Amino acid sequence: MTQLPSRVLFGAGKLASVKAEAERLGGRRVLVLATKFQVDLAEQVASLLGDLCAGIFAEAVQHVPYETVSAAIEKTDELGIDLLVAPGGGSTIGLAKGIVLERPMPILAIPTTYAGSEMTHIWGISKDGRKTTGRDPIVKPSTVIYDPELVASLPVPMSITSGVNAIAHAVEALYAENRNPISSMMAEESVKSLGEGLPLVAQKPSDLNARSKTLYGSWLAATVLDQVGMALHHKLCHTLGGSFGMPHAEVHTVILPYAIGYNQSHAPEMVAAMSRALGCDPADIAGAVQDISRDNGGPVSLKELNFKAENLKKAAEIAVQSPYYNPRPVVESDILNLLQNAFAGKRPS
Ligand code: NAD
């Protein structure tokens with residue numbers, strides 16, 4: 001197991017440490033990244049950084065377009081930036097990663113969703129309608145500040161889909177080819193924390209204990225995402241997102257129960273761990289995962305995400321094009337069947 005080091009600060013109010021952490025990383029000219037929807041947070045971070053902050057670049061968007069990375073690099077050069085601070089979700093942290101691929105410097109990540117990019121050395125950039133991903137130690141954030149107060153502003157529907165996105169990393173870690181006892185232990189604990197915490201978040205989004213529990217689950221999920229390889233579920237979501245423009249976290253939420261159903265006959269350790277983590281019958285793990293979304297107002301079908309039925313066959317074709325590890329052999333007709341079931345959204349039994 002190779003574990004790249006990150007310094008992690010976890011707890012309500014930890015955002016206040018951002019200046020000390022930036023100094024610790026040697027930052028003297030800091031650029032704060034954000035989406036246009038999180039400018040307020042970027043300004044709050046800039047004000048906490050005080051004289052260290054050289055500017056804000058609030059143009060991060062989904063799927064990290066190369067044009068945005070180029071514009072950010074221009075700003076980085078112009079301002080003589082030596083540290084990137086990325087408060088936000090996977091898109092903002094993804095932009096920081098895109099920048100450091102060409103301008104190596106440390107990243108201080110402050111996640112505000114459960115997606116998990118902050119703990120990984122995985123990057124993704126979109127260019128000419130195609131998303132390319134890769135792994136490079138240089139993009140792994142040096143310091144991560146997990147502050148439950150920041151994730152408390154994430155609306156309930158996004159909290160549910162983002163939380164299930166994190167569960168998906170843990171599920172696939174439980175049957176990863178290169179899993180190990182430590183990654184499996186963390187993955188099970190991740191599913192338990194998110195499975196218990198997400199319904200509490202849906203009931204009371206401002207509940208900081210529930211936000212801490214879910215953020216802890218997402219930290220674990222992100223850690224195993226970094227350590228081991230993903231399989232069919234992530235491949236399907238990448239296909240639906242990359243080739244059909246489907247929204248990232250929502251697609252993860254809809255597909256996961258069916259990917260679990262597909263693999264469960266070939267992944268006994270995953271089944272046992274999920275059943276312990278969710279406190280359900282081993283035969284019902286796929287349904288129990290879908291209930292997390294259904295019971296809390298999240299999506300359960302590709303149909304409700306406006307996916308077009310006529311694209312199911314094409315999606316199945318693309319998803320089997322390049323070989324990859326999966327516990328159960330990936331057969332196109334079976335994948336089409338999986339996608340048809342996900343389109344309908346019937347509870348897996
Ligand atoms: P996102 O970063 O695209 O955020 C979605 C929207 O929610 C944005 O407008 C954002 O500004 C807003 N938002 C984020 N946090 C908020 C909060 N607390 N309150 C209010 N609004 C908030 O979504 P995401 O799901 O975090 O990230 C998805 C992207 O991350 C995908 O492109 C995915 O491929 C990538 N990703 C990468 C990795 C990796 O390891 N490289 C891991 C997971 C996800």
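First listed ligand is number 1; within each ligand, the first listed atom is number 1. This one's a predicted model, so the numbers in the text were calculated from it and none came from an experiment.
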Look at [atom] and find which of [options] reaches it with the closest heavy atom.
| atom | options | result |
| --- | --- | --- |
| atom 5 (C) of ligand 1 | M119, M158, E149 | M158 |
| atom 16 (C) of ligand 1 | E118, Q38, E250, R135 | Q38 |
| atom 28 (C) of ligand 1 | H248, H252, K97 | H248 |

**Q.** Contact with ligand 1 for K36, non-hydrogen, under 4.0 angstrom
**A.** no
(Q) My understanding is that a hydrophobic cluster links ILVMFWY residues whose side chain heavy atoms are under 4.5 Å apart, including indirect links. Using that, what else belongs to the cluster containing I73? (A) L31, L33, F57, V64, Y66, V69, L79, I81, L84, L95, I99, V100, L101, M105, I107, W123, I125, I138, V139
Is the contact between [X] and ligand 1 made by the side chain, the backbone, both, or neither, using heavy atoms and a 4.0 Å cut-off?
| X | result |
| --- | --- |
| L154 | both |
| L150 | backbone |
| T112 | both |

**Q.** Identity and distance of the protein heavy atom lying nearest atom 41 (N) of ligand 1
**A.**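 Sorting protein heavy atoms by distance from atom 41 (N) of ligand 1 puts I122 O, 2.8 Å first.
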Q: Taking salt bridge (charged side-chain N to carboxylate O under 4.0 Å, His left out) as the test, write out the residues that go with K19, two or more places apart.
A: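 Checked K19 against salt bridge (charged side-chain N to carboxylate O under 4.0 Å, His left out); matches are D51.
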Q) Are the ring centres of F307 and F244 closer than 6.0 Å? A)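 Yes: the rings meet the under 6.0 Å criterion.
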Q: Test side chain to side chain contact (heavy atoms under 4.5 Å, CB included) on R103 and D77 and set out the steps.
A: CA-CA 9 Å; R103 296 289 184 277; D77 290 347; 2.8 Å; yes
Q: Look only at the side chain of D82 and the backbone of R28, and say whether a donor-acceptor pair between them is shorter than 3.5 Å.
A: yes
Q: Please say whether G90 places an N or O atom under 3.5 Å from an N or O atom belonging to ligand 1.
A: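 Such a contact does occur with ligand 1.
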Q. With the 4.5 Å side-chain cut-off for hydrophobic clustering, are M119 and I93 part of the same group?
A. no
